[in-house]
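Presented below is the structure to which this report refers.
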Amino acid sequence: MLDDKITSETFWEGVWENNPVFVMLLGMCPVLAVTNSTINALAMGLATLFVLLSSSLLVSLIRNWIPKQTRIAIYIIIIATFVTVVDYVIQAISLDLYNALGAFIQLIVANCMILGRAEAYASKVPPVKSLVNALGMGVGFTIALLCLGSVREILGSGTLLGFDLFGEHYQQWVVMILPPGGFFVLGGWLLLFEWLRQRKEQEES
Amino acid sequence: MTETTVEKPSSLRMIISLTLVSILSGIAVVSVYLYTKPIIDENKRRAIEAAVLKVIPDAAGYQPFLLEDNTLKPATDSKTKGLLFYAGYDQHKQLVGLAAPANAQGYADKVYIIYGYRFDCECITGVKVIKHAETPGLGDKVITDQSFVANFDALDAKVNVEGSALQNRIITVKHGAKTNPWEIDAISGATITSRAIGKALDIGAGQLLPQVLKFRDQLEAQ
Amino acid sequence: MNWSRLFGFQGGIHPGYHKDRTSNRAVKRLPFPLRLILPLDQHIGAPALPIVRPGQEVIRGELIAKADGFVSAPIHAPATGLVKSIELKPTARGSLTNSIVIEVLRGDPQEVMISEPHDIKNMNHDELVNAIQDSGLAGLGGAAFPSHVKLKQLDSKPAELLLVNGCECEPYLTTDHRVMLEHPEDLIQGIKYAMRATGTQRAIIGIEDNKLDAVEVIRNHLQADDPIEVKTVVTRYPQGAEKLLVKSLLGREVPEGGLPLDVGVIIHNVGTLAQMGKLLPAGEGLIERVVTITGTGVDKPGNYKISLGTPIGFVLDTLGIDATKETIILGGPMMGPAVGSLEAPVTKGTSGILVFHERDFIDREHEKVYPCIKCGRCVDACPMRLNPAQLGWLAASREYQIMADEFHLNNCFECGCCSYSCPSRIPLVQYFRIAKATNREQAIKQQKLEAEAASGA
Amino acid sequence: MARKPPRIELHTAPHAVAAQNVVVIMRNVVYALLPLLGYAVWLFGLSAFMLILVVLLSTLGTERFFNWMGKQGSTLDDWSAVITALLLALTLPPGFPLWMGVIAGITSIALGKALFGGLGFNLLNPALVGRAFVQAAFPVAITTWTPPFIVTRFTEFIPSTFTLPLMQPIDISQWLATSGIDAFTGATPLALQKFQSIATPVESLFMGSTAGSVGETSAILILLCGSYLAVRKMMNWRIPLYIFFGVVATSALLQLIDDTNPDPLFMLLSGGVMLGAVFMATDMVGSPITPRGIMIYGVLIGFLTVIIRIYGGLSEGVMYAILLGNAATPLIEMVTQPRIFGARKAPAKGGTDD
Amino acid sequence: MEPTGLDFIFFNAFLASNFVLALFLGLCPFLGVSGKLETAFPMGIATMVVMLISSVCAYFINQILVSYDIEYLRLISYIAVIASSVQLVEMTLKKFTPGLFRSLGIFLPLITTNCAILGLALFQTFKEYNFLQSLVYALGAGAGFTLAILLMAGMRERMDLARLPSVTQGAALSLMIGGLLSLSFMGFAGLGS
Ligand SMILES: Cc1cc2nc3c(=O)[nH]c(=O)nc-3n(C[C@H](O)[C@H](O)[C@H](O)COP(=O)(O)O)c2cc1C
Ligand SMILES: Cc1cc2nc3c(=O)[nH]c(=O)nc-3n(C[C@H](O)[C@H](O)[C@H](O)COP(=O)(O)O)c2cc1C
Ligand SMILES: Cc1cc2nc3c(=O)[nH]c(=O)nc-3n(C[C@H](O)[C@H](O)[C@H](O)COP(=O)(O)O)c2cc1C
Ligand SMILES: Cc1cc2nc3c(=O)[nH]c(=O)nc-3n(C[C@H](O)[C@H](O)[C@H](O)CO)c2cc1C
Ligand code: SF4
Ligand code: SF4
Ligand code: SF4
Ligand code: SF4
Ligand code: FES
């Protein structure tokens, strides 16, 4: 059962042990779709983080007040509201970024991670704890996005955050920015983690 | 969750809660919308301005117009149907050319462009890609490749004597095979995106220019 | 007109036959060993019940164990001598089984005990079937299924046709071939008895087209009004499997899980019927059989008439073969088991003893087994049109139940065509045997559990 | 008498086995590829030779590396990695930068084979996985062709061959112009047909005197080498035939609909259809084992090849068609389980509960 | 083929811009429910049905939103409509074909939080498809999803019997297979251009 105490675990859980992407495999669509550059990954991560934080806070605040039968509907409305807000804000900040992220900002609504957190966590703990946990999850999500985005951008474009790394004659690995690259890089990270885990286990035994 | 009896809250409470949340959400959305709308519109306007001024090199200002049912009217509301174009004027408020959006299917999705046209040379003077989903490093060379962009320094777009269509349809040819002023020299390795731009121009300009020319006086008078 | 071209089965293989070394050698008799070992379960079904005690003297041809029920066969003494013991003795496969051990009386002329001749003409169906059971006949084709069981008439499934299996499709073996050449009268006689017992009006002898001389001989011995036909089928392993022979000769497919009787056919091996023709009128019992002894490790290959119960070690010694260095197979190379003990005896089902040198034997243990490369050769070879590759993948993951439920494992008759053709050298048939055995055990366990549950409740 | 038991006890039937084993089959495929490699070097010279060598080394190295990772013995001796390497090299353009060839070799084994447990377990054709990867990674380099029979092909390399690792291929248009080749547009017969509607004579296709990948050259030679394997029963000859049928039928149909579409013979002889159908679609690991499955698989590959060529964004579709055929193989097999002997009704996978 | 033609719309959504393999939509069910063919197929069909229904709903809602100039409510209303239409399908199935419900039932809630459905509604709006075009688009997208998940399930079932290296298991393997499938589908890119 969840208690109300806040420990460092509350935060770090989402970053590492239960990383939403690498461990729980949640919200895979945006993870793969918008990570063809680091900047997109960062923007997506922050947008998701914002929605996660605000919806977790709100859900936690009103958790004792909403009837059980309508809770999912209410969560969805809350999430959709914040997503719409983010959508317009990003449009106002930069049209180019908005075009690059495409429909995936709006698709944050369907990100199972956010609804999952609202249902399984935020609706059961007090606001501050929920907020801390959401922050961890959001940071974990963003880190995962950056892991993908940076690899894909470095190989696929020869740049990092837009800065040229290899000079103008660098041959870009176009595949990395294409859909298969997304699958391969995420799969590659998971393989790497599994390999490291197994090696550690072997050393221990 | 361990409760054993599912207490049934009154329907009233459910309705109230949902309604309340919906109203609050509506308020939040509307206020953000109202707050950001002017900024977004300004962003869009600036983007269009930058594009139009870039594709009609000598222009200093522009006016949006709409061609609908063989009449020309100033475009005010973006929603009305018809052919949209921007007439470009120089510092002396002289009509120099026009810019218009066009699109065609590329490699991955539609390629959206805005192109510029000069009345004096009867040629296309610039193309800017507004939106595309082509392969980075390949299809997006149509933006970065200087020799490709040079195709549009002066691409022939004369209208035929009857004033019904272009005299020569704009076509894209394989890299290195350009012989006529109305041909576009494709980028090798991105022939398909190159062709999409040619196709967009051919269809867009082919439809718009013959009609616009009839209203040239009207435009000059603005 | 070649029938099997019209109706032949799919699949099958063409292994090297190596039959020429023995097919033209007349059957010779092998001397008696010092001691005969007679397993009580030489046949499929209930083991026979011994009716002799240790120390008792028996005469060649005397009944020493009686059938235990209908699906069982009696055993007769293959030689005059003393019953030494009834004890557990190793079989060819290495397991132990209860056997009667007889010390052969040296210097005895070994005359066969004279029994009461049968008046076959006046026997009715049931009496005939009983007489066949009394002779101890079990299928000499290899499976050693008590022969009379198949001949029992069933009103629900009348037999329309007797098929006589003279294919002998296994490489190396030539016993059936010799029997057809040397004893065509016995064979025809046996066929007539079997037809009488079952009331069938027609018989067809199916012979592979590498034994045309046998076809010739049998045809010459047939009377014009005999309702017996001889037909050739193409030489292809496993043409002799009953379901496939039925398909080749009649174009009928025995339904999945069914018996030839389901399509109106009774099938017997030529060796079985020849013995029937010989033994039945005299009322004698089965005490010896023809065995092909050949292989690269044999200098004097041939077909030998051997008393049942003769230990294999004795057979090899007599022929001057040093068995300890060789690989020995009982039966044909495709289906026969490798011999685990030289004490194991020749039984009713033993059709051959093959001896191979180490050097010319394809050694599975030393050849690397590769993963299945999905070449499909096993699928092409399987005459039952199963998917051995798929079965093999499942077996490797121990999905035995799925193999049976979804991929027809129980339809596999273990002919070995798949293993033979597999370039990855996967022991497919071995997998399938294990799978079947495990499933059987599982089913028995299940039944026990259910029975317990039922009695407990 | 205590006697030693005979030598082998636990041996189980059958004791006889067919002569061909995996290694023999694989080695013979390599033999069958040798003439193609020789002809390719004859056509394209030193660069082709270097490319084949480098791809071979990188592929075998990767295979060995994964053996080591998986703590198993070397699997190089089954020759399958050699086939992968040779076929991969044969599908690359002659002037392909060597470093890209290395990437192709590594990915073919890593992504295409080792990931799934090595020989026999891969889902897709490893050589084509390697090629598809570099096709998607370096689409320009892999569509940069040089003509065959360049006079200096045995004395100098195509400049792009020795491109620095990670760098863009060296531009060869200058070199082509100075090599005395005029009117070479750098396009394959398929690209000429697709993008410029220029037909290439059938004889050139038969003899392989056109631009193209290292090995997709002479239709006759490929057919001859393939026949060797087919005669020795080391390859299922039905697969190429079904593919040819699929290609001819589809392109004939499309030509009926619109007569500007290229004719079936051209479709059959140009590009990689021959090499793909004879040597790559026949890789049994990725193809169905059921007889009806093989038919569906072959025709599907032929069909997809033509569809991608005519309606797709690329001029050549064989590679993708084969990969898609491989991907569909488990499904195809599932619906084409053989009708077993004596089956009472049509084969039903799984129990029919109603 | 014209980009607005029904044939183009169908094949584009079906193959070239396959929702899963090219657009990265609906990955959760694609990775989660593709372990066995007998679950993958119902999931594909269920998704296709829900896609058709929500496409129709989204079309009409958008008409209303546009005519009242309240497009900023689009997202909220789409998600609400999708959630309730899934619920509706669920109820209808339960009532009229309980057998079908039992085989599809467990997947329906999953579909609500599946971005392929919402993505379809959004894309058809951005592309300004008319009613018929939207319907064909939904059909193509649904068929494409079904194709992808079927291929995936077939390959994963095959992998169940393979001798996999110890590191490649579970999600990583699925992603790699997904990547290879996506790589193979690159052949369809540029279809109709
Ligand atoms: C991964 C990949 C991405 C591609 N992206 C594009 C693209 O964005 N634009 C394009 O015109 N062609 C693209 N192509 C297609 C080919 O590079 C090229 O257009 C076609 O083969 C014609 O070749 P050519 O231009 O050399 O005649 C792509 C191909 C691949 C394999
Ligand atoms: C339990 C059992 C019952 C059998 N019942 C009959 C039968 O009623 N009629 C018959 O013709 N064969 C019967 N058979 C014999 C089989 O059809 C078959 O001939 C025998 O198993 C040997 O076949 P094989 O030598 O092809 O392996 C029976 C076999 C077994 C194991
Ligand atoms: C793979 C296989 C091959 C067989 N080949 C022969 C054969 O060549 N000759 C033969 O008489 N029986 C052969 N049999 C046994 C027959 O199926 C059948 O049991 C036998 O002919 C019945 O006659 P029997 O009971 O008199 O032995 C074979 C069985 C199997 C499973
Ligand atoms: C007829 C035949 C064709 C083959 N084709 C290929 C091929 O196209 N690509 C490949 O990587 N290996 C090929 N191989 C080799 C081998 O099957 C392959 O390495 C396995 O796919 C690895 O598991 C072939 C083998 C044979 C016998
Ligand atoms: S048991 Fe074997 S050798 Fe004897 S006839 Fe049958 S298949 Fe041939
Ligand atoms: S042993 Fe079984 S699976 Fe193998 S070929 Fe014979 S019948 Fe088919
Ligand atoms: S013969 Fe062997 S390698 Fe070939 S498919 Fe069958 S089991 Fe696999
Ligand atoms: S499975 Fe093999 S060992 Fe077992 S009864 Fe059948 S044939 Fe004999
Ligand atoms: S994030 Fe796309 S389906 Fe879950």
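A note on names: the letters A, B, ... follow the listed sequences, proteins ahead of strands, and every chain is numbered from 1. For the numbers below, each heavy atom of this structure counts, side chains included, while hydrogens, waters and symmetry mates do not. Fair warning: this is a prediction, and the values are worked out from it, not measured in the lab.
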Original post:
Sequence neighbours excluded, which residues qualify as salt bridge (charged side-chain N to carboxylate O under 4.0 Å, His left out) partners of D:R131?
Top reply: none

Identify which part of [X] has an atom lying under 4.5 Å from any heavy atom of chain E, answering side chain, backbone, both or neither.
X	answer
D:A321	neither
D:E333	side chain
D:L115	both
D:L304	side chain

Toward chain D, the part of [X] with a non-hydrogen atom under 4.5 Å:
X	answer
E:R158	side chain
E:M155	both
E:I177	side chain

Original post:
Does a side chain donor of either E:S17 or E:N12 reach within less than 3.5 Å of an acceptor in the other side chain?
Top reply: yes

Original post:
Going by distance alone, is a donor N or O of one side chain under 3.5 Å from an acceptor N or O of the other, for E:Q124 and E:S55?
Top reply: yes

**OP:** Take the angle between the ring planes of D:F65 and D:W68 and call it parallel below 30°, perpendicular above 60°, tilted in between.
**Re:** tilted

**OP:** Would you check if the side chain of E:T168 reaches a backbone N or O of E:L164 as a donor-acceptor pair within less than 3.5 Å?
**Re:** no

Subject >> Pairwise distance CD1(D:I289) to CG(D:N236) - rounded to 0.5 angstrom >> reply: 11.5 Å

Subject >> For chain D, the option from E:L151, E:L147, E:L181 that forms the most heavy-atom pairs under 4.5 Å >> reply: E:L151

**OP:** Report the option among E:G154, E:A16, E:P165 that has the most heavy-atom pairs separated by less than 4.5 Å from atoms of chain D.
**Re:** E:P165

**OP:** Report the option among D:I307, D:L128, D:I322, D:L123 that has the most heavy-atom pairs separated by less than 4.5 Å from atoms of chain E.
**Re:** D:L123

Original post:
Can you tell which of D:I332, D:T329, D:L324, D:V129 has the highest number of heavy-atom pairs within less than 4.5 Å of chain E?
Top reply: D:L324

Original post:
Could you go step by step and tell me if D:Y320 and E:F185 meet the ring pair (Phe, Tyr, Trp, His ring centres under 6.0 Å) rule?
Top reply: CA-CA 7 Å; D:Y320 291 110; E:F185 266 66; 10.0 Å; no

Subject >> Ring center gap for E:F145 and E:F19 short of 6.0 angstrom >> reply: no

